[in-house]
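Data first, discussion second: the structure below is written as structure tokens.
All values derive from a computational prediction rather than experimental measurement.
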Amino acid sequence: MRFGSREWIDALVAALNAQPGLAPALRGLGTTAALVVEADPPAWPRTVAAWAEQRGGRIARWRLLADEDEILELEPDYVIRAPYGTVKAILRGADAVQAALSGRVTVEGDLEALIRRAQHRGVVDAALAAVQTELP
């Protein structure tokens, strides 16, 4: 499945919700988040943004945003932003924490709460490993 497509995001959400460690990883965090994958032509010609809401330790709903400016209206608890090249490197195994520390990934929101959950990183890694991903 092509990275960033509705089909790919549906598969990722299903894989995340299947992870037994998801509920503890989300406990105490806000209920909404947005991910922005910034344009990186020619492989990723335009910026793409998605929004998600969690309830009861599961991702209850998500949607692709028509424009990243919708994030301002939605006011998510977290906004994670990175250029496509960085996201691609992370999907291929690069350290996401190192990418954030170096400034290639930026996070708006309660960073302290996220840092306290660093031990749950395997939840996302396992879900990503379960989803067939075709990178442009």
Side-chain angles (χ1 to χ4, degrees):
M1 289 173 272
R2 186 172 172 84
F3 169 76
S5 68
R6 289 183 191 282
E7 177 186 40
W8 184 86
I9 298 171
D10 276 337
L12 180 60
V13 167
L16 282 165
N17 283 337
Q19 295 299 311
L22 183 63
L26 294 174
R27 194 171 296 122
L29 292 177
T31 58
T32 58
L35 173 65
V36 179
V37 180
E38 297 171 341
D40 195 356
W44 197 256
R46 66 180 191 87
T47 295
V48 175
W51 170 91
E53 178 181 34
Q54 67 104 356
R55 273 187 258 134
R58 296 178 49 81
I59 298 171
R61 61 187 181 136
W62 72 270
R63 67 182 172 118
L64 284 173
L65 303 178
D67 186 299
E68 75 174 291
D69 289 341
E70 286 186 63
I71 292 171
L72 298 172
E73 296 170 22
L74 294 167
E75 298 181 356
D77 298 302
Y78 295 92
V79 178
I80 302 164
R81 180 182 300 273
Y84 172 73
T86 299
V87 173
K88 183 177 179 178
I90 291 168
L91 290 171
R92 289 186 168 165
D95 186 348
V97 173
Q98 184 59 39
L101 291 173
S102 70
R104 292 177 310 202
V105 174
T106 61
V107 179
E108 298 170 23
D110 185 354
L111 295 177
E112 188 175 312
L114 288 176
I115 291 168
R116 287 193 306 266
R117 284 163 183 78
Q119 75 271 19
H120 297 290
R121 181 174 170 216
V123 170
V124 174
D125 292 341
L128 286 168
V131 176
Q132 178 189 33
T133 303
E134 175 189 319
L135 296 166

Residues Glu70, Arg63; criterion side chain to side chain contact (heavy atoms under 4.5 Å, CB included); working and verdict: CA-CA 11 Å; Glu70 286 186 63; Arg63 67 182 172 118; 3.1 Å; yes
Minimum-distance pair of heavy atoms, taken over all atoms of Thr86 and Ala99: CG2-CB, 4.1 Å
Exam field: side chain Asp77 to backbone Thr31, donor-acceptor pair closer than 3.5 Å: yes
Trace of the side chain to side chain contact (heavy atoms under 4.5 Å, CB included) decision for Arg92 with Ile90: CA-CA 5 Å; Arg92 289 186 168 165; Ile90 291 168; over 6 Å; no
Connected via hydrophobic side-chain network under 4.5 Å: Leu35 and Leu111: yes
CA sep, side-chain torsions, deciding dist, call: Glu68, Glu38, side chain to side chain contact (heavy atoms under 4.5 Å, CB included): CA-CA 10 Å; Glu68 75 174 291; Glu38 297 171 341; over 6 Å; no
Val107 with Leu128, same ILVMFWY side-chain cluster at under 4.5 Å: yes
Glu112 CD: over 12 foreign heavy atoms closer than 6.0 Å: no
Side-chain (Asp110) to main-chain (Ala113) donor-acceptor, under 3.5 angstrom: yes
same_hphob_cluster(Tyr78, Val97) at 4.5 Å side-chain heavy-atom cutoff: no
Over all atoms of both residues, closest heavy-atom pair of Ala25 and Arg117: O-CD, 2.9 Å
Polar side-chain atom of Tyr84 near backbone of Pro45 as donor-acceptor pair, under 3.5 Å: no
Glu73 side-chain N/O to Asp69 backbone N/O, donor-acceptor pair under 3.5 Å: no
Rounded distance (nearest 0.5 Å) linking atom OG1 of Thr47 with atom CG of Asp40: 9.5 Å
Reported CD1-to-CE distance for the pair Ile9 and Met1, which is rounded to 0.5 angstrom: 11.5 Å
Pairwise distance CG(Leu26) to CG(Leu22) - rounded to 0.5 angstrom: 4.0 Å
Residue pair Ala130 / Ala15: nearest heavy atoms and the distance that separates them: CB-CB, 4.2 Å
Qualifying residue for side-chain contact (heavy atoms from CB on, under 4.5 Å) with Val36, from Val48, Thr106, Val87, Ile71: Ile71
Hphob cluster co-occupancy, Val124 + Val37, side-chain heavy atoms under 4.5 angstrom: yes
For the student: nearest non-hydrogen atoms of Arg2 and Ser5, plus distance: O-OG, 2.8 Å
From CD1 (Ile59) to CD (Glu53), nearest 0.5 Å: 11.0 Å
Heavy-atom donor-acceptor pair, Arg46 side chain to Ala39 backbone, under 3.5 Å: no
Parallel, tilted or perpendicular: ring planes of Trp44 versus Phe3, cut at 30 and 60 degrees: tilted
Considering all heavy atoms, the nearest Val105-Ala82 contact: CG2-CB, 3.9 Å
Closest non-hydrogen atom pair, Glu75 against Thr32: O-OG1, 4.2 Å
Leu29 CG to Gln54 CD distance, which is reported to the nearest 0.5 Å: 7.0 Å
salt_bridge(Asp95, Arg121) N-O dist < 4.0 Å: yes
Shared hydrophobic cluster for Trp8 and Ile80 (ILVMFWY, side-chain gaps under 4.5 Å): yes
CH2 on Trp62 to CG on Leu16, rounded to 0.5 Å: 12.5 Å
